[in-house]
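Here's the structure, in structure tokens; my notes come after.
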2 protein chains.
Amino acid sequence: MGDAIDDWLARFDAALTAGDTRAAADLFKPGGYWRDLLAFTWNILTLEGRDAIAAMLGDCLARTAPSGWRRTGAAEETEDGLAAWIAFATGAAHGTGRVTIRDGRAHVLLTAIADLRGHEEPRGRTRPAGIVHKADRHRTTWSEARAAEAARMGREDQPEVLVIGAGQGGIALGARLKSLGVPTLIVEKNPRAGDSWRNRYRSLVLHDPVWYDHLPYLPFPETWPVFCPKDKMGDWLEAYASIFELDIWTSTTCERATWDEGTGRWTATVRRGDGEAVTVTPRQLVFCTGAYGPPNEIRFKGREDFGGTLLHSADYASGAPFKGKRAVVIGAGSSAHDVAVDLWEAGAEVTMLQRRPSIVVRSETLMELAFDIYSEDAVEKGITTEMADMLSAATPFRLFEGKQKRLYDTIRARDAAFYDRLRAAGFAFDFGEDDTGLMMRALRTASGYYIDVGASDLIARGEIAVIGGEEVERLTPSGLRLASGREVAADVIVACIGYQSMNEAVAGIVSREVADAVGPCWGLGSGIQGDPGPWQGELRNMWKPTAQEALWFHGGNLALSRFYSRVVALQLKARMEGVPTPVYGRPVPRQAGL
Amino acid sequence: MGDAIDDWLARFDAALTAGDTRAAADLFKPGGYWRDLLAFTWNILTLEGRDAIAAMLGDCLARTAPSGWRRTGAAEETEDGLAAWIAFATGAAHGTGRVTIRDGRAHVLLTAIADLRGHEEPRGRTRPAGIVHKADRHRTTWSEARAAEAARMGREDQPEVLVIGAGQGGIALGARLKSLGVPTLIVEKNPRAGDSWRNRYRSLVLHDPVWYDHLPYLPFPETWPVFCPKDKMGDWLEAYASIFELDIWTSTTCERATWDEGTGRWTATVRRGDGEAVTVTPRQLVFCTGAYGPPNEIRFKGREDFGGTLLHSADYASGAPFKGKRAVVIGAGSSAHDVAVDLWEAGAEVTMLQRRPSIVVRSETLMELAFDIYSEDAVEKGITTEMADMLSAATPFRLFEGKQKRLYDTIRARDAAFYDRLRAAGFAFDFGEDDTGLMMRALRTASGYYIDVGASDLIARGEIAVIGGEEVERLTPSGLRLASGREVAADVIVACIGYQSMNEAVAGIVSREVADAVGPCWGLGSGIQGDPGPWQGELRNMWKPTAQEALWFHGGNLALSRFYSRVVALQLKARMEGVPTPVYGRPVPRQAGL
């Protein structure tokens, strides 16, 4: 089977070496996909179909100078075709990837930069020695060097990269950049690294299992719980930041950042905990401020009339003050479910006001059906996290949609009894406009779904009441009036109404104009509500060049933060080292009103 | 080849099942070895020869009830014979091991407990869930439970185990015990976990490479330096202790501990940093106070006359105060070499006063020839740290001596030029009384050797002067007078004269009587100077029952702390759970004067 892959690679190599972009494109199936992570495009792009592939090669092939295509593992029959891991080189980088062929043509090709030539990450055999085995009268010890480096960072030494936020995104990226020798300053508004987890509501536990959550370099130990409690995750991130010697300024806010085209540097004002304003001038600015921007503002009419407690879920910490009180949770996404349970556990009388159908899936079901390559089974089969990540990366979003639809067809049938109970309780659910389920909704709109870790049973049993398909007309002194005229009494209202897009954080720090020019993050252009077209093939603005030079977004859940931290770090490293990084398909600035 | 192993295992199983101890023993070569880590003996023992094996089986076989012997990997030809990994079970435990056969009989058998039946360590598939996926009005969150557990430990809740010392020994053991659910309190005299490394001299860097140094559960990342600087190791240990949620009381000294045979508990007085004395009553007491006891006292005549600075290497932190001064380092072991370099780097004029020949080996040479199974090559071949540890454990000390002698024959020839230069500089060296080299000396006497990381070149170049084969007659106001009558001027004298045995720490905390009854730690009874016979086959008192019930020693370098922490933890867990642990070959209390 390996022969078929080898043969394809040889023909592909020959076409590329000959500069024959059409011949290379014709080695793909007519609807074939090429997903590229930096190797050819210095971008994250999926090219769909031969014309798109030929066009990209027409622009990128000569300067990429690819060579040395070879298979690095056994070929395997998969549901998508015959697949194998591959390696190659470009003028600038060592590349890895995966190819899946059908009938001798590529169905999917993934190409990714693994390391920059001449700037390889020192690890394994090339890890730092830690000592020169020689007496040295000018010896600086590790602790002296580290203390001096920390003291100079952001003062005498300007960072190459300023990272805003020390959650999993900023910390994973920080570790990659440290290892690559890119001077980086991370600012975190909270007093401790990891506080973005600690500050969440009391009962929060990760909804993703441990095998999916590893950070780079330092996997969780095999004694780590499957679902990590939030404070334990906070402590892990803090220990991790210490182990990787990250330069984090805590209790520090980035107040303002201005790009100077002339000097090629940002001028950023950061406010430290003691009130001192420090100006730093990084070449690159990375927003790791969470998957969302600021909380959506609570705009219900009559909100000033309401006599009880009204708060956004972002400000909700604990149900303890609401024992015996009537609580209304507005919304039916993850936060709404978790907050409803927390209130119920605290002894409140809880009503969930559901405005739109949600996608709900049982955690056990997802664990069994969707996390197969991130599981103890996978570990046993020798599928490392890095391999699982590359397998995931080797599925273009278009194909992922199809796979997800089939998955949800299975889930719907399998958990029919569960969904019947939810329906009977008046809870409105669907599986997305095109039945592609929870993960696609997360990627497209980052809202409107819940992985069930306990709330659904309370809803089915009527312990959490549900009012479905209703909009809030206004708040009243004693509660809410719904669009139907129905009155709902409430002592406390928690508005789980979501967050603005990540680029709103840019508006606050850089400018409204830049935020608008860059446009929102996430979403694929799938054309469903909340994710307008045209189809992008990739997530908007995440981990790749944006319409604003030297401005980046990084983050997502732990898994995305892990995998894409390498992609972001390699782009920043290349720019620091002066490696040419011509971006194919760079987004153009959006114009106001579009 | 596997057939030969399978055949041997089947015959061995049959003999054991039949209770035929003689037949079982006859399945070994006449001089064959059986090393047992707890599985049969609840001890760490090497049985040498058929009679010793038959005698052990006569005592242990019936109650051990071994069964299910099987091969768990491919058989491999090794220099010692045909070898394979094996598994088996006993009434109390799941066992693993390795057998090496020659001509159909066992040359070496290793048997070890991997897990206790019914008390298996929750890891991998059985790791904690971290959450019950169910709403719960009596939910205690992880942080609440952890805070309560920490607050109760040593107060309302008595620890099962009191560990003295939070270096790598105490911390590795603490992590194992935590994972096994054994309530443990660790007391550490210094203000922070890891300070035992931070407090050492400025230039200290680990002499062992990273692949040999991993702690349990959380391997160093692949970006970790080969040789870890001391402060970085201190920080790692501190982060590690936090990640594994160890209960460590820092700035706390164990002042006194008394065993009560009646209650089966120790009564220990620990003094906390604020002066409070707390009485704790653990069932088990583990000394993790370092591979050595207190520093040897400086007893040179005339020490009160000396007008300069006189200190033990344990109290030496930095050469900075001694720039331009005349420094004499007494001794020629690891500390003496490192201190001499540190003084030289600080600009002192350094003389090493060598009283006895040392064993010196170049670090590069050891890395290449002695750490083959702990290396990047090994990682690439799929030899995990756990496998490497079991490979090491599968070599009885008697065989290790022979292997080491051959290694040092090679080293001597290979590095002849290096040794010629040392000799020309007047530095006295040997390879041990029986030419078995550095590692054997370390195991036998824990002194008198140096892995060269730079000092030897300074000595060869005369930058560090050496006075060899001389004893100190007395100190004088201006320096030292040697036995030969020679006077040596000194502004500072650093006495690198070693440490007392670990059991001296017992004398200070428990009693002189108990310390003497237990006797010294380390040493094999090899009959060479500093390690009197009779031959023990194993290291004295380390990681196994001692002559004092419920008193244990744990520690050693990072590798020993890693591997034996499991052995110690399983013994403590078994005792906590009431699993019968009849010890075969328990040491008898030594009598005073013997």
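Quick note: numbers below take in every heavy atom, side chains included, and nothing from hydrogens, waters or symmetry partners. Here is how names work: the chains are called A, B, and so on, in the same order as the sequence lines, proteins then strands, and each is numbered from 1.
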So, taking the atom named [atom1] in [X] and the one named [atom2] in [Y], what distance separates them when rounded to the nearest 0.5 Å?
{"X": "B:I243", "Y": "A:E238", "atom1": "CD1", "atom2": "CD", "value": "10.5 Å"}
{"X": "A:E222", "Y": "B:E121", "atom1": "CD", "atom2": "CD", "value": "7.0 Å"}
{"X": "A:T141", "Y": "B:K232", "atom1": "OG1", "atom2": "NZ", "value": "12.5 Å"}
{"X": "A:R125", "Y": "B:E380", "atom1": "CZ", "atom2": "CD", "value": "4.5 Å"}
{"X": "B:K230", "Y": "A:S143", "atom1": "NZ", "atom2": "OG", "value": "6.0 Å"}

So what's closer than 4.5 Å to chain B heavy atoms on [X]: side chain, backbone, both or neither?
{"X": "A:F244", "value": "side chain"}
{"X": "A:S203", "value": "both"}
{"X": "A:D377", "value": "both"}

Do you know which of [options] has the most heavy-atom pairs with chain B at a distance under 4.5 angstrom?
{"options": "A:D457, A:L204, A:T126, A:D231", "result": "A:D231"}
{"options": "A:W142, A:W224, A:F220, A:Y240", "result": "A:W142"}
{"options": "A:W344, A:Y217, A:W236", "result": "A:W344"}

Residue [X] versus chain A: region with a heavy atom under 4.5 Å:
{"X": "B:P209", "result": "neither"}
{"X": "B:A348", "result": "backbone"}
{"X": "B:W211", "result": "side chain"}

Measure across [X] and [Y] and return the closest heavy-atom pair with its distance rounded to 0.1 Å.
{"X": "A:E144", "Y": "B:R202", "value": "OE2-NE, 2.6 Å"}
{"X": "A:L218", "Y": "B:P219", "value": "CD1-O, 3.6 Å"}
{"X": "B:G130", "Y": "A:P229", "value": "O-CG, 4.1 Å"}

Return the option, out of [options], with the maximum number of heavy-atom pairs under 4.5 Å with chain A.
{"options": "B:A239, B:G319, B:A175, B:G124", "answer": "B:G124"}
{"options": "B:V341, B:T223, B:V210, B:T140", "answer": "B:T223"}
{"options": "B:H138, B:E245, B:E463", "answer": "B:E245"}
{"options": "B:L458, B:D136, B:D235", "answer": "B:D136"}

Above 12 or not: heavy atoms from other molecules or residues under 6.0 Å from [atom1] of [X]?
{"X": "B:K178", "atom1": "NZ", "result": "yes"}
{"X": "B:E386", "atom1": "CD", "result": "no"}
{"X": "A:E376", "atom1": "CD", "result": "yes"}

